[in-house]
Amino acid sequence: NKDTNKNILNFIGLGITLLVTPMINILNNNYVQAIRVYSKKELWEKVSNEEYSYFLDSTIGKIQSYINEVSFACREIEQNSLLQMIKLFAMLFLYTIMLIKLNIMLGIIYLVIFVCYMILSTKMANINRMRIAQSLSKTSKINENMQDYYQNIEVILASNSQKFEDKKIDHTLNDEKEVYYHVQQVTNFNTLVQQFIVIALAAIICIFGMQYLAFRELSDRISSGLKVLKYDVNLKKKKENFVYNDSQNSIQLQNLSFKYSNKKKVFSNLSGSFPKAKMSAIIGENGRGKSTLLKIIMNFYPLRYGTIIFPYKDPLIVYIPQNAPLFNRSIYENISYPGKKISVDFIMKLVTEIGLDSLIKSKKDLKNKKPGDFKNSISGGERQKILFLRAIVSKPDILLLDEITSNLDEKTVTLLYRLIRKYLKNTTIIGITHRQEELKYYDYIFRL
């Protein structure tokens, strides 16, 4: 009869709605993988633009696991939970209308049961929130590129190579996107086939409750992750205390004051100057703030009180610390970092001049071998020489040396200063030294 045919059409329409989601998923896969790239990229931009102290207070495993969890949750909400909830709300509406047509009381009872179940699901999700946050904090998965970035943060910031590192990360994420795209495409196709086979109307309330709990879990993951990553903080570092004026003839410090968190001041109302294109040595007792001053000049630590005037419009500043690691890349890439196009012949000439030719014997070694590939591990002195060559080929406007000669013998120290005079004649050099005999190489002395 007419009513029977109408009910049949209703159930056919309901069955078609079950097929809509997997068909949309097949088309939606590319969008999901784009979310993978841009969610990670957005969070990576936030983390990589944090202040220097952020990297001292956080562990790479914690940062990376939260980035992965937030990105995963964003993809899951877009791909599964959100679509499922929309579909189930539509089915709830259809079921309620159909049941009310059969019996008003039956439809009302169904709706009341559904609302009660949702209230219970909400309470369960709230109770489970703390467990979700705890599980996130225990998640740890180390990514090689982020680990490399984390270990070399001072070098990256000092060489102003953030765009270079972002490009490498983008390349890695795009490769990851392609792999996951094809994997997910197969999954979506299998889901479509399964839905054709197992279309049924069963346990709608239970299914919806499970989807809601999953949705809340993913939402809580995002909230917890973003809270740890301090995503609500502005991305850009403030540099109001830095002035760039190429009409000046020196780097000028005006009333600098600095203290670490919950500690006494390192120095207060510090003023002085470092002449342009000259070599200045910073000396003083341990704990006076010599290394801290260099890191403030590099803007590793935020300067809240005082002003630094640079005699350049947009200076290239290179900072070489006492114990900086090398990248797990070729010796050539380490010296030419970040991605400078430097002649291999010129670098081999520098290698010979600085006394690394016993370690790097050929252009092949220079281009192909990484620090870990050598039979004997690279010594601290050899590592410092490689970092020093990086500074030479960079030709910076300002070079900051933080006790780089502490592991070098007197002959090598003399050689390094000779190369500075030869290749960095126009560079403003500020160096920290504890050796009295090294002061003869400097034009000025700045005592803290």
Side-chain angles (χ1 to χ4, degrees), residues 44-45 48-49 144-172 244 277 294 297-300 310 312-321 324-357 359-374 378 382-402 404 415-416 418-431:
W44 174 254
E45 181 182 351
S48 62
N49 281 281
E144 183 178 355
N145 281 356
M146 291 186 182
Q147 182 74 40
D148 220 11
Y149 181 96
Y150 196 88
Q151 290 179 343
N152 291 275
I153 182 63
E154 291 184 347
V155 176
I156 292 168
L157 294 177
S159 55
N160 196 25
S161 54
Q162 184 59 52
K163 290 184 179 179
F164 176 80
E165 289 299 319
D166 286 345
K167 190 174 181 181
K168 293 182 72 69
I169 291 294
D170 286 349
H171 179 72
T172 304
Y244 303 94
L294 291 190
I297 293 174
M298 278 302 309
N299 198 30
F300 286 173
F310 292 94
Y312 308 91
K313 283 187 176 179
D314 186 19
L316 172 61
I317 308 177
V318 171
Y319 168 74
I320 305 181
L326 296 175
F327 288 98
N328 187 31
R329 305 168 193 177
S330 71
I331 301 299
Y332 176 86
E333 288 178 284
N334 270 283
I335 294 176
S336 63
Y337 186 85
K340 295 182 177 65
K341 303 299 181 182
I342 309 295
S343 166
V344 176
D345 292 330
F346 177 64
I347 292 184
M348 281 302 299
K349 177 177 178 293
L350 293 176
V351 164
T352 302
E353 284 192 69
I354 207 168
L356 283 171
D357 47 332
L359 180 72
I360 308 167
K361 299 179 180 179
S362 65
K363 296 178 183 179
K364 185 176 180 181
D365 287 346
L366 185 68
K367 293 285 285 186
N368 297 328
K369 286 194 174 183
K370 300 177 181 180
D373 292 337
F374 292 95
I378 295 178
E382 290 168 332
R383 185 176 65 247
Q384 290 299 94
K385 288 181 179 180
I386 292 173
L387 294 173
F388 186 76
L389 292 185
R390 182 189 295 169
I392 288 181
V393 301
S394 296
K395 294 188 178 300
D397 299 301
I398 301 171
L399 176 61
L400 307 178
L401 307 175
D402 194 347
I404 67 164
L415 175 61
L416 256 59
R418 182 174 64 81
L419 293 176
I420 286 176
R421 294 289 186 182
K422 180 178 179 181
Y423 291 104
L424 300 176
K425 296 179 181 179
N426 298 319
T427 299
T428 302
I429 297 172
I430 305 174

Discussion item. Show every salt bridge (charged side-chain N to carboxylate O under 4.0 Å, His left out) that has at least one partner inside residues 341-356, sequence neighbours left out.
Written reply: Asp345-Lys363, Lys349-Glu353, Glu353-Lys422
Once you round to the nearest 0.5 Å, how far does [atom1] of [X] lie from [atom2] of [Y]?
{"X": "Leu356", "Y": "Arg383", "atom1": "CG", "atom2": "CZ", "value": "12.5 Å"}
{"X": "Lys385", "Y": "Ile392", "atom1": "NZ", "atom2": "CD1", "value": "12.0 Å"}
{"X": "Tyr332", "Y": "Met348", "atom1": "OH", "atom2": "CE", "value": "12.5 Å"}
{"X": "Ile342", "Y": "Leu389", "atom1": "CD1", "atom2": "CG", "value": "11.5 Å"}

So do the side chains of [X] and [Y] get within less than 4.5 Å of each other, counting heavy atoms only?
{"X": "Tyr423", "Y": "Val393", "result": "no"}
{"X": "Leu401", "Y": "Ile420", "result": "yes"}
{"X": "Leu326", "Y": "Leu387", "result": "yes"}
{"X": "Ile354", "Y": "Leu419", "result": "yes"}
{"X": "Thr428", "Y": "Asp397", "result": "no"}
{"X": "Leu416", "Y": "Ile404", "result": "yes"}

Worksheet item: What pairs with Asp166 under side chain to side chain donor-acceptor pair (under 3.5 Å), at least two apart in sequence or on another chain?
Response: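 By the side chain to side chain donor-acceptor pair (under 3.5 Å) rule, Asp166 matches Trp44, Gln162.
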Worksheet item: Considering residues at least two apart in sequence or located in another chain, which fulfil the side chain to side chain donor-acceptor pair (under 3.5 Å) criterion with Asp314?
Response: none
Please answer whether the main-chain N or O of [Y] pairs with a side-chain N or O of [X] as donor and acceptor at a distance below 3.5 Å.
{"X": "Asn368", "Y": "Ser330", "answer": "no"}
{"X": "Lys369", "Y": "Leu366", "answer": "no"}
{"X": "Thr427", "Y": "Pro396", "answer": "yes"}

Item to complete: Report the relative orientation of the aromatic rings in Tyr244 and Phe310; use parallel for angles under 30°, tilted for 30 to 60°, perpendicular for over 60°.
Response: parallel
Worksheet item: Between Ile386 and Ile331, is a side-chain contact (heavy atoms from CB on, under 4.5 Å) present by the stated rule, with each step listed?
Response: CA-CA 8 Å; Ile386 292 173; Ile331 301 299; 4.1 Å; yes
